[in-house]
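Inspection log for the structure reproduced underneath, given as structure tokens.
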2 protein chains.
Amino acid sequence: MSATRERRERERAQRHQMIITAARELAEAEGWEAVTTRRLAERVEYSQPVLYSHFNGKDAIVGAVALDGFVEMAGDLGRARRSAPEPARALRAVCAAYLRFATERPALYQAMFILPTNLKFASVDTPAPLRACFDEFVNCLRPDNERRELFAEVIWSALHGIAVLSESGRIPPAGQEERIDLLVAGVAAGG
Amino acid sequence: MSATRERRERERAQRHQMIITAARELAEAEGWEAVTTRRLAERVEYSQPVLYSHFNGKDAIVGAVALDGFVEMAGDLGRARRSAPEPARALRAVCAAYLRFATERPALYQAMFILPTNLKFASVDTPAPLRACFDEFVNCLRPDNERRELFAEVIWSALHGIAVLSESGRIPPAGQEERIDLLVAGVAAGG
DNA sequence: AAAGAATGTCTAGCACTGCTAGGATCGGCT
DNA sequence: AGCCGATCCTAGCAGTGCTAGACATTCTTT
């Protein structure tokens with residue numbers, strides 16, 4: 001009785017993850033507009049309504065994918081920061097890693113920052129991976145700077161702007177390196 | 001014969017504009033997700049298919065609204081730049097005007113930068129108002145700076161990032177002024 | 001002025017979306 | 001064995017963007 005119950009829950013958790021990865025793979029392969037509940041259900045080999053027994057709706061599924069994305073991004077940014085030889089170059093490495101993430105995983109990035117999701121930002125119940133990403137920027141700045149958070153916000157905003165404007169062709173795709181250089185130079189001088 | 005033809009074309013142009021303003025008003029009042037072809041048609045007091053005799057599809061309608069938005073934004077930015085007492089403060093005024101536009105007309109801003117449209121950016125056939133907005137940033141920078149365009153791109157990106165991240169609650173809504181200050185300080189120092 | 005051509009508009013419908021109520025089916029428990 | 005509850009699916013709703021074909025209405029030509 002308890003054994004079967006555990007197996008049930010295990011299978012259910014498995015299926016939960018299967019839905020998330022299916023949504024992510026489908027989005028990365030054909031874009032989010034191709035991710036419909038029907039195709040998703042077909043891919044998981046269940047009928048549509050089971051999706052709604054796991055998630056409150058499509059937005060929640062996108063949110064789950066986005067959360068996975070934040071976990072990965074936090075890893076990427078952390079690796080970039082720690083691999084920098086000196087603190088002065090850490091910020092540049094993190095910025096480059098950020099843009100790299102955005103351009104190499106556009107669908108994931110969309111889920112995290114553009115599509116409507118049910119994720120809470122800048123509040124008490126902000127998921128940890130989300131906060132971790134932000135902190136990677138903060139940790140690149142000198143601890144005696146009491147406006148570190150403000151700096152991090154502006155840097156993050158600039159990177160996000162660069163990512164989305166170049167992705168949608170509103171600024172030329174080339175010249176990302178120069179933009180990063182300019183950004184970190186401005187921060188270094190402005191602080 | 002020729003007179004009636006002219007009248008026809010005049011009425012057609014009127015209806016064309018009526019569709020655009022109806023879409024804009026509806027979006028500003030209830031958000032873009034409420035702008036459907038049916039509601040739009042009802043509001044213009046014509047049936048759905050007439051929309052498609054004016055525009056290639058919904059994206060084209062959004063694009064037309066966005067184009068109007070760029071015209072207005074170019075005006076706002078130009079006024080802000082010219083009203084600045086000295087060139088050094090012009091950039092700050094333009095940045096503030098940009099963020100003001102984004103927060104006061106969120107629906108219009110969405111059409112211009114977030115929703116899928118058929119507008120061409122950074123190419124030969126980029127509409128003039130679009131280019132004009134970009135140039136307002138460029139014209140705030142010293143003419144002897146041969147990397148003005150790069151600077152403008154980064155400034156614009158940062159502003160766009162600030163606008164969209166604060167709109168979606170990903171960074172706190174307060175503190176916009178400080179962010180602008182930091183941005184223009186960084187540019188001034190980095191250049 | 002009457003017949004034909006062309007233009008404009010609308011009704012009805014397609015294929016699709018996210019989402020859900022209700023019934024069928026299968027498991028474990030008494 | 002028989003019940004009962006959890007699980008899952010079929011079928012359908014209301015809505016989306018978009019379009020083919022019928023219907024007028026207007027203009028042109030005889």
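As a basis for the values below, the full set of heavy atoms in this structure was taken, side chains included, without hydrogen atoms, waters or symmetry mates. Quantities reported herein were computed from a predicted structural model and do not represent experimental measurements. Every chain is numbered from 1, with letters handed out A, B, ... down the list of sequences.
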If you go through the side-chain atoms of Gln48(B), does one of them form a donor-acceptor pair with the base of dC10(C) closer than 3.5 Å?
no
Of all the nucleotides listed (dG18(C), dG17(D), dT9(C)), which has the minimum atom distance to the side chain of Lys58(B)?
dG17(D)
Rounded to whole Å, the CD1-P distance (Ile19(B) to dT9(C)) equals 10 Å
Quick one: Tyr52(A) OH to dT7(D) C1', roughly how many Å, whole number?
18 Å
Bend angle of the helix from dA1(C)-dT30(D) to dT30(C)-dA1(D) from five-pair axes at both ends, rounded to 10°?
30°
How many whole angstroms separate atom CZ of Arg10(B) from atom C1' of dG8(C)?
18 Å
Pro49(B) side chain: which of dG18(C), dA20(D), dC9(D) is closest?
dA20(D)
I need the CD-P distance between Glu42(B) and dT11(C), as an integer number of Å.
13 Å
Rounded to the nearest Å, what distance is computed from the CZ atom of residue Arg39(B) to the P atom of nucleotide dG15(D)?
11 Å
Think Thr37(B) has a side-chain N or O under 4.0 angstrom from the OP1 or OP2 of dG17(D)?
yes
Nucleotide dT19(D), atom P - distance to CG of Asn56(B) in whole Å:
9 Å
Starting from Val71(A), can I reach Tyr109(A) by hopping between I/L/V/M/F/W/Y residues whose side chains sit under 4.5 Å apart?
no
Tell me what Ser47(A) touches on the nucleic acid: a base, only sugar-phosphate, or nothing, going by heavy atoms under 4.0 Å.
base
Per Tyr46(B) side chain, nearest of listed nucleotides dA12(C), dC10(C), dC9(D):
dC10(C)
For Glu11(A) and dA6(D), give me the distance from atom CD to atom C1', rounded to whole Å.
14 Å
Take atom CG of Leu51(A) and atom P of dT20(C), then tell me their distance rounded to the nearest Å.
12 Å
May I ask you to check whether Thr36(B) and Arg38(B) show a side-chain donor-acceptor distance below 3.5 Å?
no
Select base, sugar-phosphate, or nothing to describe what Arg15(B) touches, counting heavy atoms under 4.0 Å on all strands.
sugar-phosphate
With a 6.0 Å cut-off (strictly less than), is the heavy-atom count around CD of Glu42(A), excluding the residue itself, greater than 12?
no
Between His54(A) and His16(A), what is the ring plane arrangement, given parallel below 30°, perpendicular above 60°, and tilted in between?
tilted
Students often mix this up, so state it plainly: with edges at 30° and 60°, are the rings of Phe113(A) and Tyr98(A) parallel, tilted or perpendicular?
tilted
Can you tell me which nucleotide in dT16(D), dT19(D), dG18(C) comes closest to the side chain of Arg38(B)?
dT16(D)
Residue Glu45(A) excluded, over 12 heavy atoms near CD under 6.0 Å:
no
From the options Asp135(A), Leu91(A), Ile155(A), select the one residue that forms a side-chain contact (heavy atoms from CB on, under 4.5 Å) with Cys140(A).
Leu91(A)
